[in-house]
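As structure tokens, the structure follows; a few thoughts come after it.
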There are 2 protein chains.
Amino acid sequence: MEQGHASLYRRIADDLKAEINAGTYAAGDALPSESELAQRYGASRGTIRQAFAALRTDGIISSRRGARRTVHGGPRLQDFTALLSFSHWARAIGEVPSGRVIDLERRAATEQERGHLDLPDGAYVYLLTRVRLLDGQPVMVERTAYPDRIGALVAGMRPERESITDRLGELGTTFADAEHTIDAVRATAEDARLLGVRPGTALLRERRRSTDPAGVPLEWSEDRYLGDQVAFTVRNSVDHNTLSRWHSPPTAD
Amino acid sequence: MEQGHASLYRRIADDLKAEINAGTYAAGDALPSESELAQRYGASRGTIRQAFAALRTDGIISSRRGARRTVHGGPRLQDFTALLSFSHWARAIGEVPSGRVIDLERRAATEQERGHLDLPDGAYVYLLTRVRLLDGQPVMVERTAYPDRIGALVAGMRPERESITDRLGELGTTFADAEHTIDAVRATAEDARLLGVRPGTALLRERRRSTDPAGVPLEWSEDRYLGDQVAFTVRNSVDHNTLSRWHSPPTAD
DNA sequence: GAGTGGTCTAGACCACTTG
DNA sequence: AAGTGGTCTAGACCACTCT
């Protein structure tokens with residue numbers, strides 16, 4: 001699921017996720033008790049509880065006092081990077097991602113961009129416009145603004161061939177936090193042309209601001225999805241919430 | 001924030017939320033350290049960490065090893081009920097909610113409804129159609145299916161005057177979990193008539209399945225929001241996600 | 001009544017940030 | 001170097017579910 005910074009509770013959580021994904025525990029099934037897992041892993045109860053909390057965070061399980069934890073049905077988990085990176089998401093749902101760069105330019109940031117990226121007057125940004133495809137079909141137009149420092153790195157990449165998020169990670173820039181705003185808009189003439197639909201088609205718009213661990217903005221993006229192709233799902237309970245992006249085939253209800 | 005089942009960590013968390021909402025700690029500010037709070041409340045460090053975990057769950061703070069926790073900027077927290085109940089949400093954002101019942105009928109459930117509500121063949125459902133308004137302006141059409149047992153209770157209510165969620169709670173039916181799917185659709189002729197817009201307008205569609213603590217479905221709803229009036233926001237990080245519904249005034253960007 | 005998860009304590013060591 | 005959050009242990013009591 002993840003690679004190994006490997007605290008014990010993370011490894012236990014990943015083991016459980018793997019078993020759930022493999023069908024060892026199906027939707028509605030009861031999971032092992034805390035005490036059983038504590039024994040199996042030679043860990044204390046607190047560590048086991050931490051592992052379960054991680055699964056709860058991903059919206060995979062539910063729990064009530066007195067009864068065993070059970071596996072949730074419905075849409076499967078998607079981790080943080082699947083929400084941030086189109087490439088990760090596509091691979092997670094078993095589709096082949098691709099993309100086409102429409103434009104990449106560097107120019108002075110607008111007031112709005114400076115606001116979202118915490119930039120001073122006169123700062124520059126890189127603007128990347130891409131069409132994203134799943135299995136060869138366009139599903140999304142992405143318009144991303146990067147601060148100068150990040151954009152300079154992005155400009156040296158080949159976005160058709162590699163994930164920008166992954167590449168930035170290799171270069172030491174880590175995405176840690178993101179805020180998404182989701183609403184509906186009609187396709188502009190340009191949107192329509194890029195997506196191959198008629199102007200006025202209902203699009204799902206996601207505006208996203210991503211930051212590093214210290215809260216420094218790394219990107220500000222506006223993505224427009226075909227409304228009949230992509231949806232977001234959220235599972236929430238009295239003390240938890242999870243979001244995942246979802247792809248519904250054209251035949252769905 | 002909540003009333004008092006009142007475990008210690010919940011009370012601490014609520015105190016912190018209140019201080020944040022009151023402006024004692026503003027966006028970007030550092031929060032008290034674990035040790036300071038442990039002393040102040042006479043609690044152990046673990047309990048303080050539980051309280052902070054609850055704030056993390058609401059997406060209102062961030063934390064990194066070595067540095068103090070800080071308050072997040074951006075959209076303010078909305079608790080679980082604000083996502084479930086239009087009335088709660090409206091009050092949380094300081095607007096006056098109202099509604100108009102378009103239709104309430106009881107009939108045999110469709111196959112789709114039986115699927116979403118885990119009902120057997122031949123089961124009946126109540127179907128409630130409402131238009132929801134903020135400050136007198138229509139912003140949403142809500143079409144909700146209730147299982148017979150719940151619907152019978154709903155049928156005896158006055159939805160114009162009281163929150164169905166609240167009233168069901170008083171009658172002992174607790175909402176504990178919900179799954180939301182969000183996408184974009186065009187307004188049908190009926191949508192358009194009810195919302196006072198032109199057919200084809202882009203609408204934000206939320207489909208919601210809510211369950212009780214044991215996982216028994218309580219409602220299946222399809223809500224359609226005006227795309228330029230309402231948005232959903234999500235904050236997520238490497239190990240956490242939060243969703244909130246958001247209302248953008250017509251003048252917003 | 002046995003088992004289970006929810007809450008809480010008191011301690012420990014470590015990785016990291018900050019002055 | 002001091003302070004802070006991240007991880008982990010070993011115990012305790014309680015509320016609740018299940019059969």
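To find a chain, count down the sequence lines: A is the first, B the second, and so on, and within it residues start at 1.
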- Where the side chain of B:E34 is concerned, which of D:dG5, D:dT7, C:dT4 is the nearest nucleotide? D:dG5

- Query: Nearest to the side chain of B:S7 - D:dT9, D:dG5, C:dT7?
  - Reply: C:dT7

- Task: Report the residues that fulfil side chain to side chain donor-acceptor pair (under 3.5 Å) with B:E222, sequence neighbours left out, ordered by chain and then residue number.
- Result: B:R224

[atom1] of [X] versus [atom2] of [N]: gap in Å, rounded?
X     : N     : atom1 : atom2 : value
A:Y41 : D:dT7 : OH    : P     : 17 Å
A:L55 : C:dG5 : CG    : C1'   : 15 Å
A:R68 : C:dG6 : CZ    : P     : 13 Å

- Message: Any donor-acceptor pair under 3.5 Å linking the side-chain atoms of B:T70 with those of B:S62?
- Response: yes

- How about B:E219 and B:S210: does a side-chain donor come under 3.5 Å of a side-chain acceptor? yes

- Query: For DNA chain D, whose closest nucleotide is more 5', that of B:L31 or that of A:S44?
  - Reply: B:L31

Is the phosphate of [N] approached by [X] (side-chain N or O, under 4.0 Å from OP1 or OP2)?
X     : N     : value
A:S63 : C:dG6 : yes
A:R69 : C:dG6 : yes
B:T47 : C:dT9 : yes

Which pairs, protein N/O on one side and nucleotides 11-19 of chain D N/O on the other, fall under 3.5 Å?
unit_1	atom_1	unit_2	atom_2	d
D:dA12	N6	A:R45	NH1	2.9

- For A:R167, all residues meeting side chain to side chain contact (heavy atoms under 4.5 Å, CB included), sequence neighbours excluded: A:M157, A:E162, A:E170, A:L171

- Message: Any base atoms under 4.0 Å from A:R49, or only sugar-phosphate, or nothing? Heavy atoms, all strands.
- Response: base

